[in-house]
Structures are given as structure tokens and as C-alpha cells.
Amino acid sequence: MIINKNKLTPMMKQYFAIKEKNPDSILFYRLGDFYEMFFDDAIVASKALEITLTGRNCGLEEKAPLCGVPYHAASKYIEKLVSKGFKIAVCEQVEDPSTAKGIVKREVIRTISPGMIIDPNMISDSKNNYVSCLYFSSDKFGFSYADITTGIIKTTYFNAEDGFIKLIDEINKINPSEIIYDSSLSSEYIDRIPNDYLKTPLDKSYFSLDNCEANISRIFNVFTSDSIGFDNNIALISSSGALLKYIEDTQKVNLKHFTNIDIYSHSDFMILDKFTRRNLEIRETMRSGEKKGSLLWVLDKTKTSMGRRELLTLLEEPLLSVNKINSRLSSVEILVNDLFLRDELRNLLGEMYDLERLSSKLVFGNANARDLLSLKKSISVLPIIKNLLRDFKNSELSSINLNIDALEDMFSLIERSIKEEPPITIKEGGLIKSDYNEEIKELREAIDNGSKWIIDIEKREKEKTGIKTLKIGFNKVFGYYIDVTRANSSLVPTSYIRKQTLANSERYITEELKEIEVKVLGAKEKIVEIEYKIFNEIRKELLNNINRFLNSAKSIAYLDVLCSFAEVSYSSNYVKPIVNTSKNVEIISGRHPVIEKLVNSEEFIPNDTRLDNNENKIYIITGPNMAGKSTYLRQVALITLMAQIGCFVPATKAEIGIVDRIFTRVGASDDLGQGQSTFMVEMSELANILNNATKDSLIILDEIGRGTSTYDGLSIAWAVVEYISEKKENTPKTMFATHYHELTELEGKFYGVKNYRISVNEIDDEIVFLRKIVEGSANHSYGIKVAKLAGLPKEVLNKASEILEKLEKNDINKNINNILNDTSCITKDYTGLSKENDNPSKNQLTFLENDDTLIGKEILDELNLININNLTPMESMNKLFELVKKASGDR
Ligand code: ADP
Ligand code: MG
């Protein structure tokens with residue numbers, strides 16, 4: 001539709017002027033009791049919201065497309081649009097329509113996008129909602145992220161060469177709702193960021209170094225960004241400066257709750273890539289995406305929302321510093337051992353509300369009197385918590401104690417001023433205690449007196465007139481009136497002025513009543529006004545102290561997590577791990593923290609693990625399906641992870657040499673439930689591991705190679721083990737569960753390879769799972785027996801056994817030995833650390849010994865012996881395979 005702006009009505013002119021400044025948002029234009037959307041916005045929103053599209057006269061020949069939502073129900077519609085990835089610009093009337101001259105002035109007061117939500121109904125309180133910002137300076141990627149409801153802002157950078165993959169890991173870790181970036185950043189990068197995240201390009205000017213520097217200095221109230229540790233790092237300054245400006249521009253508030261910025265190094269934390277996080281089911285299960293069944297579910301005994309969010313952060317950030325881990329562990333140990341302390345603290349924490357989100361309500365100006373009471377209740381426990389922690393020498397506990405501000409003055413301010421059980425609204429009075437303010441006290445007295453006078457007048461008039469049913473009432477139209485039933489009309493004195501006639505009675509006013517009314521109503525109006533003013537003053541005073549609230553909140557969140565670790569460690573019988581730089585992972589009687597809670601029918605069977613820097617580096621784990629291989633692998637990874645987040649672990653003893661990364665990959669067919677993993681994905685994930693694992697990494701491979709044909713899969717699995725093993729002293733600790741029994745041949749031939757199997761008992765052709773890991777290899781995979789347990793028809797089972805027998809006759813192991821003997825790169829017969837191949841030219845020699853004509857004759861002889869009618873298709877394939885091999889000189 002062509003729009004001639006000159007012809008538009010004045011209101012639509014105003015609409016366009018505002019819309020032009022907010023081109024990428026749907027404009028919610030306030031018109032009376034509605035938010036209206038026009039033109040393209042209306043077309044898009046009516047579809048997305050499934051509401052009617054109508055039209056409105058706008059001065060043009062055609063009507064403007066229009067749809068609208070009532071203002072009081074707007075949040076529901078906004079939520080729906082935002083969840084679909086739209087941005088909403090909320091445009092309000094900013095002057096009183098009754099006194100405005102001409103068109104009412106309107107302004108966009110806030111822009112709401114997925115990363116910019118403050119409505120508590122629209123976001124979870126158990127996880128942070130982050131908006132993040134990406135900036136590429138010539139040689140570094142700067143990455144910053146913030147939660148506008150808690151005042152958290154963090155920033156880090158990655159070097160350009162290898163940084164982008166790590167940056168993506170970091171993005172996946174914090175899982176932002178929105179990523180903003182410099183619009184001039186090459187799409188080559190932007191396209192590599194997963195599309196799960198809303199990506200918003202921002203004008204280049206946002207990232208100008210001067211502007212960003214100025215923003216940072218202003219918001220954190222410092223002379224230069226240097227003084228808070230930015231160290232002239234352009235990537236850090238531009239990504240965080242632009243992010244802060246973007247938040248200011250869209251939220252139109254003074255960002256007082258961003259009191260400090262956490263400049264961190266991503267290399268302080270163990271990197272967990274997306275697949276590992278998913279496979280280990282750290283925050284949610286793989287299949288249903290639920291918390292129940294995840295590690296978080298087991299570890300979460302927190303009492304506050306702040307603690308719950310902090311736990312999630314710490315779970316995603318396992319530490320790499322032995323000192324930091326041990327210091328956290330020792331504070332957890334105190335809380336495990338001191339039942340009284342733990343219980344007291346947890347009870348007190350249980351009384352707290354979400355201090356962080358309450359504080360941010362002060363920033364956004366939407367805290368009501370009830371919120372202030374919640375604040376008061378929350379901070380009332382702070383001095384008691386401090387007192388409990390006072391005598392501990394432990395560095396973590398004493399620094400928590402030190403960092404909690406007891407906020408007694410703030411408590412007293414709210415205690416003195418805010419009434420108990422105030423209304424939700426702040427504009428109708430009833431908020432402020434009379435004793436807090438002399439004027440309010442006097443006005444309340446006037447109102448009370450007024451009502452007393454009314455009662456007195458009623459009594460006096462009853463007596464004077466002799467009308468027993470005479471009543472004094474009040475309504476908004478007539479104010480105070482005297483109500484006399486019709487039957488008594490004749491007794492009414494002449495001084496009464498009749499105001500209203502009802503079916504059964506008449507209503508009158510008197511001079512005296514009017515006088516009182518003016519006093520009382522005047523007082524009521526005035527009191528509302530004063531209360532609102534005082535309430536705002538109190539909010540302002542609280543806001544001025546917001547950094548103190550947030551500091552306490554931060555320490556409380558951390559304390560809550562420590563208590564949660566302690567509680568779960570105590571109640572689930574965990575042990576304090578020994579964490580050091582030994583390179584060993586040694587676990588005695590380890591358990592899977594989640595499965596042990598889920599298995600009901602049988603008890604969880606604990607298992608040991610011994611990975612070291614020598615001969616136990618690569619576990620090849622075999623055993624039938626359902627034996628417990630996957631469980632065992634994950635339990636080792638989870639115990640390592642738990643130790644490095646500073647929690648006790650499910651074992652009787654554990655020594656964990658710091659692991660720099662945990663990688664886990666699951667073979668394609670095990671992962672089909674997700675409907676995502678294809679063989680290709682499996683392989684590219686594997687490539688990522690092989691390229692990035694270091695000697696300090698822990699690799700968990702679960703049935704890798706399963707997504708393709710047997711020979712393909714086996715060859716890849718084999719080559720992977722060989723590749724890892726060849727790194728010798730740099731070989732990462734690796735656990736490989738596989739149904740390729742052939743891989744067990746590699747023990748003793750490759751450095752660090754050790755065979756393990758999960759034992760089963762065979763009783764009368766049935767198998768019983770023992771769930772115990774023992775050295776050695778399973779001699780076959782029991783697939784048919786497991787199938788029998790699962791109830792496959794007898795005919796199928798019998799046929800399968802028959803086929804298996806025939807296939808086994810073909811003896812793949814013979815081929816394996818051939819390969820082992822022939823492949824020149826393999827160090828044969830491994831006994832020491834590294835032993836060169838004793839005869840590298842053996843392969844060639846074997847080949848030279850062959851006489852082509854001799855082979856030809858042999859093949860001919862064999863062909864003559866075959867009775868083609870007696871062969872099954874499978875047998876003929878095998879025969880053909882054998883002959884082809886023979887023809888190529890390979891016996
Ligand atoms: P696999 O990977 O060998 O096929 P899983 O690890 O998936 O086997 O284990 C199958 C099931 O066996 C698990 O879901 C769990 O119920 C049970 N299980 C595994 N390990 C144990 C154990 N150590 N103790 C008790 N039950 C276990
Ligand atoms: Mg498995």
C-alpha cells in the first residue's frame with residue numbers, strides 16, 4: 001500500500017514518526033484502553049496472535065490494517081510474540097489525555113525482546129535470561145552477556161585463530177536468549193552461530209571504542225575502563241560497552257543494578273561442548289528435556305531462586321584450579337559435618353525471596369509495597385546468617401560472611417515505613433505507616449475523626465427526628481447522605497435538603513454533613529498523594545543502596561549452592577574427592593549419581609575405575625547390551641565433573657587429577673531418539689575430539705562407529721583407538737564402550753589400551769546382569785540372549801543363532817590378525833612404553849613372496865570346487881570376498 005504521509009491524520013503522522021525510529025519492532029501504540037498495531041505490524045501480529053485484523057481510517061483512501069489488544073491483558077500477547085522471536089516496542093501516552101492540547105504525546109517506554117524481559121511471568125526464576133553481545137576487533141572476539149533482571153554482566157574474549165569454536169562453546173554454555181552483534185561482522189561468522197539463538201545486528205556506531213569507553217566509565221562510575229580491569233582490551237570494551245548501551249536504549253532506565261562487571265577468562269573453566277553437556281544430561285535429560293533425571297535434579301537442594309541460578313552457572317563452569325576446587329570442597333566439608341549449621345542456614349535461606357530480581361524491580365520502577373516487604377523479610381535473616389558464619393576460619397565461609405551486608409539500615413527503613421499487608425497498587429494509599437510521617441498521621445486522624453463525627457451525627461439525628469431507621473451512608477456521586485425510609489418522610493426536618501428518591505427511601509444532605517465531607521475527602525485525596533510521594537522516596541533510597549543488596553544476594557546465592565552440595569553429599573553418602581594434579585582418575589566403588597536414584601528394582605552396583613598416566617589410559621569396554629556400559633562411562637565423567645565443581649562424589653574414595661575437558665560422544669544409533677544425530681554428525685563430533693583433546697582430557701566414547709556398516713564402523717573405531725594411543729604420554733584418558741569385540745585384540749599391542757568387560761552370568765542359556773566391571777574382554781556380545789530377554793519370537797531367535805554360527809565360522813578374527821601383522825604403523829606386541837616395529841618391511845616381503853600365476857591357479861581350483869546351488873546368498877558373498885582378497889594378493 002502506497003502511503004502519502006502528507007494526507008495522514010495527525011495521529012497517524014505521530015504513529016509513523018515513532019514507528020520510523022523503531023523499524024525492527026512491532027509497535028504497540030497505546031490508544032485509550034488498547035495497544036493498537038497498524039499496517040505491516042498489524043498483518044504480522046494478527047497472524048501470530050490469531051486475532052482479528054480490521055481497518056482504521058487514517059486519512060488515506062484505503063483503511064490502515066489494524067489489530068489491537070486490551071492494555072490490561074497485554075503481557076499475555078507480548079509473551080506470545082516474544083516467544084516467537086519478535087521484538088515489541090511499547091509506546092505509551094506520556095501526558096494526561098484530559099489536559100493535553102492536540103494529539104496526546106506518546107513515547108516508546110521500553111522495547112521487549114527475548115533477552116530483554118522483566119515480567120516475572122515470562123521468564124523462569126531458576127535460570128538466568130541472558131542477552132549477549134559479540135564484537136570482533138582485528139585479532140580478538142569480545143563476548144559479553146548480561147541478565148537485566150539480576151544485574152549480572154560478564155565479559156571475556158577469544159583469540160581469533162582458534163577462538164571461534166571456543167566462542168560457540170561459550171555461547172552454548174550460557175544459552176543466551178538473544179545475541180547482538182556489529183552489523184559489519186562478516187556473515188561467515190554469524191552463519192556459524194547456531195540458529196537456536198535470536199541474532200540481532202546493531203549499527204556500527206554502538207561499537208565505537210570512544211562511545212563504549214564512555215559508557216563503561218559512566219555506568220560503573222570510574223575514570224577509565226582501565227581502572228576496573230579492561231586493560232585496553234578493545235574486544236572487551238566494545239562488546240560490553242555496546243551491550244550496556246543497547247540495554248539502556250531499549251529499557252530506558254538508569255542501569256544502577258549493573259554495579260560491577262565480571263571480566264573472566266574462559267580458560268579458567270573446563271569447556272564442555274554442547275554434545276557433552278547433552279550426553280551427560282547435566283541440566284536436562286536427553287530424551288525429554290526435563291530436569292528430572294539430570295545431574296541438576298540430583299544436586300539441586302537449593303532454597304532460593306538465586307541459589308538455583310548460581311548452581312546452574314557453577315555446573316556449567318567446572319573449575320580447573322586445584323586450589324579453588326579444594327577451597328570450595330573444604331567449605332562443603334564443614335557444612336556436611338556440621339548438621340546444625342547446615343540445617344540452620346538452609347532454614348534461613350528458605351525464608352528469603354529473590355533478592356536479585358526484587359532489587360532489579362527497583363531499577364525498573366515497578367516494585368510495589370509488597371515487594372518492599374519481601375525485601376525486608378529477605379534481609380531480616382542476613383544478620384543471623386552472618387552470625388552463624390562468624391567463627392569459621394574457612395576462606396570461603398569467611399569471605400561469604402564478609403561480603404554479606406546485613407543491610408540493617410535498609411531493614412529499619414522498610415520496617416518503619418511500610419504497612420503490613422499493603423495493597424498491590426501504589427497509587428491508592430494504605431502503604432505508609434502513620435508513625436513514619438507526621439502529615440500522614442494528622443490526615444489519618446482527620447479521616448478517623450470524620451467517621452466518628454458521622455456516627456455521632458447519625459445518633460443525634462435519630463434522637464432528634466425520632467426516626468429509628470435513619471442511616472448515614474456514602475456514595476461517590478452524592479458523598480455523605482441521610483437515608484430515611486418513605487414511611488418516615490413526614491418526620492424529616494426542613495433543614496434537610498433532598499437529593500435522591502429511591503423506591504423505598506429518600507436521601508438527604510445537610511450543611512453539616514457537607515462540611516465534614518470536604519474535610520474527610522480532602523484528607524483522603526491528600527493522603528494518597530503524600531503516600532505515593534513518600535513511597536517513591538523510599539524506593540529511591542533503596543535504589544541508591546542497590547549495590548549493597550546485590551552484593552549480599554551474590555554471596556547468599558553462593559552459600560545456598562554450598563549448602564545444597566553439602567546436603568546432597570550428606571544425604572546421598574558422597575565422599576570428598578582428593579583433587580590434585582596427579583593425572584590419575586581413581587575411583588573406588590563409584591556410582592552414577594542419577595541412575596542410583598532411579599533404579600528401584602535392583603540396587604545400584606558400584607564399580608571402580610583406575611585411569612593413570614601409564615598403562616591404563618584407554619579402556620575398551622565390552623559386554624552385552626543392557627549390561628551397564630553407558631552407565632559406567634557416564635558415571636566416571638560425572639564424578640570427575642562433580643569433583644571439579646567442588647561437590648562431593650558418589651564413591652567411597654576418589655582421586656581426581658584435574659581434567660581440562662571432558663568429551664563425550666555417543667554412536668549415532670544410540671542417539672536416534674533425538675532424531676538429530678546422523679552418522680555424519682557423529683563423525684564430525686569425533687573429528688572435533690581428536691583435534692582438541694589434550695593429555696589432560698577425558699574422552700568418553702560410547703559405541704562410536706555404530707551408525708554405519710560393520711566393517712566401516714569397526715575400521716573407524718579401530719583407527720580412532722590407534723590414533724589416540726599413538727600420542728603416547730600425551731594420550732588423553734579415554735573410555736570406549738563398544739560392541740566391536742575385535743577391538744579387544746588391541747590390548748597389549750597399543751600403548752595404554754586395557755580391556756574391561758561388564759560381567760554377566762550365563763545360567764541355562766539365560767544371562768544375568770552382574771553390573772560389575774572386571775578386567776578382560778567379553779567373549780561374545782550375547783545379542784541374541786538379550787533379544788530373548790526382550791521377548792523376541794522363538795523362530796527369530798533360532799534363525800539368528802543359526803546365522804551367527806555360520807558367520808562366526810568365517811572368523812573375522814583371522815582377518816584382524818592379518819591386519820595387525822601387516823599394518824606397518826602398528827607397534828607390534830606392546831610391552832614397554834614405545835617399541836618400534838621390528839620389521840617395517842614385512843608387509844612388502846609377504847607380498848613379494850606371492851607368485852601371481854600360483855594365486856590364479858588356486859582361485860581357479862576353488863571355483864571348480866564350488867557347488868553354486870548349495871550356497872546361501874550370504875555364503876556366496878563371503879566366498880566372493882575371500883576370492884577377491886586372494887586375487888589382490890592379500891591372504
Ligand atoms: P549398556 O550401555 O551396556 O547397554 P546401560 O548402561 O544403558 O547398558 O544400562 C542399562 C540399564 O542397566 C540402566 O538403565 C540401569 O537401569 C541398569 N544399570 C546399569 N548399570 C547399573 C549398575 N551399576 N547397577 C545397577 N543397575 C545398573
Ligand atoms: Mg549403551
Side-chain angles (χ1 to χ4, degrees), residues 275-276 278-281 285-288 290 292-295 297-298 572-574 587-610 619-639 649-652 654 664-674 677 682 685 699-707 713 717 734-741 743-744 755-762 766-792:
F275 308 105
T276 301
R278 214 182 67 195
N279 289 332
L280 294 182
E281 308 193 298
T285 61
M286 233 151 90
R287 243 163 245 286
S288 60
E290 282 169 28
K292 182 166 189 224
S294 67
L295 181 63
W297 170 69
V298 174
S572 307
N573 249 327
Y574 293 172
I587 300 165
I588 312 290
S589 294
R591 284 125 47 205
H592 189 298
V594 178
I595 305 290
E596 76 164 336
K597 305 248 182 259
L598 294 178
V599 284
N600 303 327
S601 51
E602 50 179 327
E603 217 161 275
F604 193 88
I605 311 293
N607 273 309
D608 299 347
T609 307
R610 217 165 264 111
Y619 272 40
I620 303 285
I621 303 167
T622 46
N625 261 320
M626 284 301 289
K629 300 183 294 298
S630 302
T631 307
Y632 178 68
L633 294 186
R634 282 167 178 74
Q635 112 188 7
V636 175
L638 289 172
I639 288 174
V649 298
T652 54
T664 67
R665 289 303 179 274
V666 179
S669 53
D670 236 16
D671 205 17
L672 281 182
Q674 278 282 319
S677 212
E682 180 189 328
E685 291 172 18
I699 303 181
I700 301 291
L701 301 174
D702 195 353
E703 311 260 11
I704 282 293
R706 221 163 114 164
T734 306
M735 302 184 97
F736 194 159
T738 182
H739 64 293
Y740 295 126
H741 290 265
L743 288 188
T744 59
N755 287 339
Y756 287 88
R757 66 189 167 89
I758 309 229
S759 53
V760 290
N761 253 356
E762 270 183 282
E766 303 265 343
I767 55 169
V768 178
F769 297 117
L770 299 178
R771 315 260 181 239
K772 207 67 190 162
I773 187 139
V774 292
E775 285 193 27
S777 61
N779 45 2
H780 47 125
S781 55
Y782 303 92
I784 295 171
K785 293 194 175 115
V786 176
K788 185 175 171 193
L789 276 185
L792 236 58

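Worth saying up front: this structure is predicted, and the values here are computed from it rather than measured. Every number for a ligand or one of its atoms is a count from 1 in the order of the listing. Just the heavy atoms: all of them, side chains too, but no hydrogens, waters or symmetry mates, feed the values below.
Between I605 and ligand 1, a contact under 3.5 Å exists for at least one N or O pair. For A627, a nitrogen or oxygen atom sits less than 3.5 Å from a nitrogen or oxygen atom of ligand 1, counting backbone and side chain alike. Looking at ligand 1, you won't find any N or O of N607 less than 3.5 Å from one of its N or O atoms. Inclusion of I595 in the set of residues having an N or O under 3.5 Å from an N or O of ligand 1 is not warranted.
In T631, the parts holding a heavy atom less than 4.0 Å from any atom of ligand 1 are both the side chain and the backbone. Contacts with ligand 1 closer than 4.0 Å are made by backbone heavy atoms (N, CA, C, O) of E603 only, the side chain lying farther away.
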Evaluate the side chain to side chain contact (heavy atoms under 4.5 Å, CB included) criterion for residues I620 and M735: first the C-alpha distance (whole Å), next the side-chain angles of each, then the deciding distance (0.1 Å), finally the verdict. CA-CA 6 Å; I620 303 285; M735 302 184 97; over 6 Å; no

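Between V594 and the options T631, V599, V298, L280, a side-chain contact (heavy atoms from CB on, under 4.5 Å) holds for only V298. The side-chain contact (heavy atoms from CB on, under 4.5 Å) with H592 is formed by just one residue from the set I639, L633, L638; it is L638.
Counting only distance, with no hydrogens or angles, the side chain of T734 and the backbone of I699 share no donor-acceptor pair below 3.5 Å.
By the 4.0 Å heavy-atom criterion, E596 is excluded from the residues contacting ligand 1. Between P624 and ligand 1 there is a heavy-atom distance shorter than 4.0 Å.
Taking the side chain to side chain contact (heavy atoms under 4.5 Å, CB included) definition, one finds that S294 meets it with K291, L296, W297, sequence neighbours left out. Residues satisfying the ring pair (Phe, Tyr, Trp, His ring centres under 6.0 Å) test with Y619, not counting sequence neighbours, are Y756.
Donor-acceptor pairing under 3.5 Å is lacking for the side chains of N755 and S777. For K597 and S572, the side-chain atoms include at least one donor-acceptor pair closer than 3.5 Å.
Heavy-atom proximity to N625, at under 4.0 Å, picks out these atoms of ligand 1: 4 (O). Below 4.0 Å from some heavy atom of G628 lie the following atoms of ligand 1, by number and element: 1 (P), 3 (O), 5 (P), 6 (O), 8 (O), 9 (O), 19 (C), 20 (N).
The Mg ion (ligand 2) has an N, O or S atom of S630 closer than 2.8 Å.
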